[in-house]
Amino acid sequence: MVKIQHSQYAQAEEALRRAIELFQKDNKRVRSAGGRSAAVEMGRLFREKGDLKKASFWFQRALRADPRYGDAYIFLGDIAFKSGRLNHAEKLYRKAIDHSACSVDEAYFNLGGLFIARRRYREAIQCYRRAIKIDPRYAIAKKRLNDALLALELKNS
């Protein structure tokens, strides 16, 4: 989603609501894919505005349209993580990993960050390595892997 200026939120929201309305009138396959996409974009819009409650609502709606859409689990996991609900965030990231159609490398990366927050460095290292195995060019995952290795070394010394 493109970053938008604060004054454009209302216009973007109205356009997305119209798209959702149109998708609901379409055939089942288009309705599911289109509804999911529009709901995800609406969730991103509210996340960008800082309204995590509404963002969660829309990401959950995307999952109702397509329960196999793993990226929505990542988005919900991020919101749970930011809200301090680490157990819930972990469950959501793991659900994202179980859905092969999503950004599994990102789910592993985010799960690694959750383990860093919990000082579970060995598990974080495993997650970062998995993310890098999926995407060998994942630069931030490589940096976080080095950070986790250093943290584990310091913890053990």
Side-chain angles (χ1 to χ4, degrees), residues 1-6 8-9 12-13 16 19-20 29 32-157:
M1 180 170 149
V2 176
K3 298 269 185 183
I4 58 176
Q5 295 178 356
H6 186 69
Q8 295 172 315
Y9 285 128
E13 184 179 346
L16 287 168
I20 290 167
R29 194 179 107 251
S32 176
R36 179 197 76 201
S37 296
V40 165
E41 291 306 317
M42 190 72 90
R44 287 178 175 170
L45 174 73
F46 282 108
R47 184 181 63 187
E48 184 71 25
K49 284 176 72 172
D51 189 338
L52 300 182
K53 186 175 181 178
K54 284 185 181 175
S56 290
F57 168 83
W58 286 103
F59 293 136
Q60 288 168 358
R61 186 167 175 174
L63 284 173
R64 283 194 302 276
D66 183 358
R68 297 166 301 160
Y69 182 61
D71 284 5
Y73 290 114
I74 294 173
F75 297 137
L76 288 167
D78 292 346
I79 291 170
F81 185 87
K82 289 175 184 171
S83 302
R85 298 173 311 168
L86 301 185
N87 290 336
H88 188 58
E90 182 176 348
K91 287 177 188 174
L92 291 165
Y93 291 144
R94 289 189 186 280
K95 278 187 176 184
I97 289 167
D98 291 340
H99 292 77
S100 61
C102 78
S103 307
V104 177
D105 54 341
E106 186 178 346
Y108 275 120
F109 176 80
N110 291 357
L111 186 57
L114 184 139
F115 288 137
I116 290 286
R118 290 182 160 173
R119 294 184 169 87
R120 291 165 50 184
Y121 303 117
R122 281 185 173 76
E123 291 167 281
I125 290 166
Q126 290 175 349
C127 287
Y128 293 134
R129 284 185 173 151
R130 287 179 179 159
I132 293 165
K133 185 175 182 181
I134 295 166
D135 180 1
R137 296 178 295 143
Y138 204 160
I140 189 71
K142 291 178 182 180
K143 182 180 179 338
R144 294 283 169 82
L145 172 60
N146 289 332
D147 293 344
L149 289 166
L150 179 61
L152 181 61
E153 185 180 317
L154 292 171
K155 179 182 176 184
N156 291 334
S157 62

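If you read the sequence from its start, that first residue is 1, and numbering goes on from there. This is a predicted model, so every value here is computed, not measured.
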Asker: Look at the side chain of Lys142 and the backbone N and O of Pro136, then say whether any donor-acceptor pair between them is shorter than 3.5 Å.
Answerer: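 Yes: the side chain of Lys142 pairs with the backbone of Pro136.
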Asker: Taking atom CZ of Arg47 as the centre, report whether more than 12 heavy atoms of other residues, nucleotides or ligands fall under 6.0 Å from it.
Answerer: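 More than 12 heavy atoms, drawn from other residues, nucleotides or ligands, come within 6.0 Å of this atom.
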Asker: Nearest 0.5 Å, what's the CG-CZ distance between Asp135 and Phe109?
Answerer: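 These two atoms lie 11.5 Å from each other.
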Asker: Within the 4.5 Å heavy-atom criterion, are Lys53 and Phe57 side-chain neighbours or not?
Answerer: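 With C-beta onward as the side chain, the pair stays apart.
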Asker: Under 4.5 Å between any side-chain heavy atoms of Val40 and Trp58, yes or no?
Answerer: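 Heavy-atom side-chain distance check fails, nothing below 4.5 Å.
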Asker: To the nearest 0.5 Å, tell me how far Leu63 CG sits from Lys95 NZ.
Answerer: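 Nearest 0.5 Å value for the CG-NZ distance: 8.0 Å.
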Asker: Is any side-chain heavy atom of Arg118 closer than 4.5 Å to one of Leu86?
Answerer: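 Yes, at least one pair of side-chain atoms sits under 4.5 Å.
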Asker: Salt bridge between Lys143 and Asp147, side-chain N to carboxylate O under 4.0 Å?
Answerer: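 The answer is yes: the pair qualifies as a salt bridge.
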Asker: I need the Asn110 CG to Leu92 CG distance, nearest 0.5 Å.
Answerer: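 Going from the CG atom of Asn110 to the CG atom of Leu92 covers 11.5 Å.
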Asker: Minimum heavy-atom separation for Tyr138 and Glu106, please, with both atom names.
Answerer: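 Here Tyr138 and Glu106 meet closest at OH-CA, 3.9 Å.
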Asker: For residues Ile74 and Ser103, report the shortest heavy-atom separation together with the two atoms involved.
Answerer: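 Shortest heavy-atom contact: CD1-O, 3.5 Å.
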Asker: Measuring from atom CD1 of Ile97 to atom CZ of Arg130, what distance do you get when rounded to the nearest 0.5 angstrom?
Answerer: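 If I round to the nearest 0.5 Å, the distance is 7.5 Å.
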Asker: Tell me if a side-chain donor or acceptor on Tyr128 pairs with a main-chain N or O of Gly113 at a distance below 3.5 Å.
Answerer: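 Yes.
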Asker: Closest heavy-atom contact between Ala96 and Val104?
Answerer: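 The pair with the smallest heavy-atom distance is O-CG2, 4.5 Å.
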Asker: Going from SG on Cys127 to CG on Asp105, what distance comes out if it is rounded to the nearest 0.5 angstrom?
Answerer: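 Here the interatomic distance stands at 12.0 Å.
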Asker: Indicate the atoms forming the closest heavy-atom contact of His88 with Ala80, along with that distance.
Answerer: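 It is CD2-CB, 3.8 Å.
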Asker: How about Tyr73 and Tyr93: are their ring centroids closer than 6.0 Å?
Answerer: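 Ring centroids of Tyr73 and Tyr93 are no less than 6.0 Å from each other.
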Asker: Hey, could you give me the CZ/NZ distance between Phe59 and Lys54, rounded to the nearest 0.5 Å?
Answerer: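 Between atom CZ of Phe59 and atom NZ of Lys54 there are 14.0 Å.
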Asker: Measure across Leu114 and Glu90 and return the closest heavy-atom pair with its distance rounded to 0.1 Å.
Answerer: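 Minimum heavy-atom contact is CD1-N, 3.7 Å.
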Asker: Where is the tightest heavy-atom contact between Tyr121 and Ala148, given as atom of each residue plus distance?
Answerer: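 In terms of heavy atoms, the two residues are closest at CB-O, 4.1 Å.
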